[in-house]
Structures are given as structure tokens and as C-alpha cells.
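Lettering follows sequence order; numbering is per chain, from 1.
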2 protein chains.
Amino acid sequence: MLTRKTKQKEFVIENLKKRFDHPTALQIYNDAKDQKIGIGEVSIYRILNNLVKEGAVCKIVTKDNVAHYDFVRGNHIHLVCNNCNQIFDKEFGSDEKLSKIIKDFHISIQDIVLYGCCNDCAKTLKKTDK
Amino acid sequence: MLTRKTKQKEFVIENLKKRFDHPTALQIYNDAKDQKIGIGEVSIYRILNNLVKEGAVCKIVTKDNVAHYDFVRGNHIHLVCNNCNQIFDKEFGSDEKLSKIIKDFHISIQDIVLYGCCNDCAKTLKKTDK
DNA sequence: CTCTTAATGAAAATGATTTTCAATAAGAAA
DNA sequence: TTTCTTATTGAAAATCATTTTCATTAAGAG
């Protein structure tokens, strides 16, 4: 299935590339409106979802249940404050122990949830891969 | 503010204590219905939220945006499969490196989000503590 | 220039969770 | 035990970010 270049897609990508504040879909939409670029809110959501699926953009959901987006640049993980809902970039050190991060960011062990892919699904998905 | 003992609260706690499958609010609600215990769905949500606030229960949200709950027992973290939405308990080793977990559960660095409390909020909250 | 269909956008739908508020009941006080 | 306060419950309605629908628009291949 071919992919077409559209001003809407271009705008979302450029907007994300130039900022580092993990904006929401609404913030990107408002930027587009301010700049008199015609994009509907729905399209922002659709474009963001596609970018996330492609792996070009990552999605961070804060505890107030709002999705934030970040252009994937390098090796950092995201720390989210449950109180102020701010998102912090944290450099990923491959030698870093989980216990160190837990201590530094006041994380409760019971609150740690990591999203990935279980072995069974990994096997199945590998087969399905073209 | 005093806390009252109710059959609704008791049921939710007992239900969570005896099971290890990270149920949703709806699953707990259905169990109550099956056992002819009168509890409204809303109350399940309210009770669960309170238990989470108290730290007795933890909440795990899968990628299909549904909250699951787990009675806090010991030191384990949760791994969630983005494909089948299954939740796995993983023993927490204080010496374990993040990179090891990442490899074992097919986690992308860009997808790692840890929820805790930033230093500024930690300070403020400490003051507010009674 | 044409034509196919990918992409858009407005409105409506979704769906888990939260809010509202009147009714109920826990448990302290009399 | 009875009374009384108010914590708790529950049904219905509201919320709200996000998704779906489907008719319209426009990329870009031929």
C-alpha cells in the first residue's frame, strides 16, 4: 500500500521534530490552527497513531489519561510524575540498575509496568512478518 | 475521617486477595453478581480507587485502555504484552539491569515509561504530609 | 489529463470511568 | 437499644479523549 505525502502529515512530523515538550494531540492541533494550516483534529490523531505504529514517534500516557507524543531521537526513557504529570527524559544507561532509577524518581515497585511483547507473541509475530 | 466496614469493600478486598489474574473492575463486578452479592458497578470503581490510593492494590492499564488490579503482596513488577494484553508478574531483583529486562521481554527503549514522583513534588508532598 | 484509492475531516459513536445526588446503613453517642 | 451523624452506596447521567463512519478531496501513478 503506497503512502502519500500530505501537508497534514508533514506538519505533524515537523512540529514534533522541532519541539521537546512531549505535546498532546490537542497542542499540535492548536499549533496548526494558529499557523492557519488546515488540519482536522481527527487527522492529527490518525497521523500520530500511524507514526507510533511505524516507530517514528512514541506515545506517553500521563496519569490524567492524556496521550503525549515524542519524536524518537535517541536512547532515553520517560519518567512521568504522578503528581504534576510532567514528563522527564532520562538517558538510558545499559548498565543502570532498576533499583537506582526507583530510588531517584521515588517510584514504588508495585507501580512499575513495562510494555513489551511476550515470548509467545514474539514468535507468532515473527512468522507473520513479511 | 473514619472508615466504615461494608460488605462491598470486604468483597472487593477478599476477591482480589484470593486471585492472581489481575482482574478488571468488570470482572470483579461479575463475580459479585454471580455470588448474589449486591454491589453496583460504580462502587467497585470507587472502592478500587480508594484501595489504590491507600497502596493496598495496584492498577495496571493494558494497551486496550482497560484497568486491571492486583493485590499488593511482594516485590514484583508487571510486564504487559502489547499484543495479547496479558499481564506477567516479574520478580524484582534489586541488582537486575534494565537492559536485561528489555531484552527478555522484547521491550523498545522508546516505550519505557516509569511513573513516580519528581523531586519538586516529592518535597512539596512531604511538607503537606500530616 | 485521468483515474485509482490513500488520506482527510465533520459529525457521531465509543466506552471505560467519574460525577451527581438522593437513599442507605455503619457505628459512635446517648 | 435507640438515635443521630455522615460515610458509603448505587442508578442515571455526564465526561472526555480517542475512534469510527463515510462522503469528499487530492496524491501521484499511468
Rounded distance (Å) that lies between atom [atom2] of [N] and atom [atom1] of [X]:
X: A/Phe11; N: C/dA7; atom1: CZ; atom2: C1'; result: 17 Å
X: A/Ile44; N: C/dA7; atom1: CD1; atom2: C1'; result: 14 Å
X: A/Tyr29; N: D/dT18; atom1: OH; atom2: P; result: 15 Å
X: A/Ile47; N: D/dT18; atom1: CD1; atom2: P; result: 15 Å
X: A/Glu10; N: D/dA26; atom1: CD; atom2: P; result: 16 Å
X: A/Lys9; N: C/dG9; atom1: NZ; atom2: C1'; result: 15 Å
X: A/Lys53; N: C/dA7; atom1: NZ; atom2: P; result: 12 Å

In the hydrophobic cluster built from side-chain contacts under 4.5 Å, what are the other members alongside A/Tyr29?
A/Phe11, A/Val12, A/Ile13, A/Leu16, A/Leu26, A/Ile28, A/Ile37, A/Ile39, A/Ile44, A/Ile47, A/Leu48, A/Leu51, A/Val52, A/Val57, A/Tyr69, A/Phe71
Would you please test A/Asp89 and A/His78 for side-chain contact (heavy atoms from CB on, under 4.5 Å) and show each step?
CA-CA 5 Å; A/Asp89 289 338; A/His78 291 107; 3.0 Å; yes
Distance from A/His68 atom NE2 to A/Asp21 atom CG, nearest 0.5 Å?
10.0 Å
Quick one: CG on A/Leu114 to CG on B/Asp111, what's the gap to the nearest 0.5 Å?
10.5 Å
A/Gln8 vs C/dG9: side-chain N/O to OP1/OP2 distance below 4.0 Å:
yes
Does the side chain of B/Asn83 pick up a donor-acceptor pair with the side chain of B/His106 at under 3.5 Å?
no
How would nucleotides 13-26 of chain C be written as a contact map, 5' to 3', with B for base contact, S for sugar-phosphate-only contact and - for no contact, using protein heavy atoms under 4.0 Å?
---SBBBB----BB
Ion pair present between B/Lys90 and B/Asp104, side-chain N to carboxylate O less than 4.0 angstrom?
no
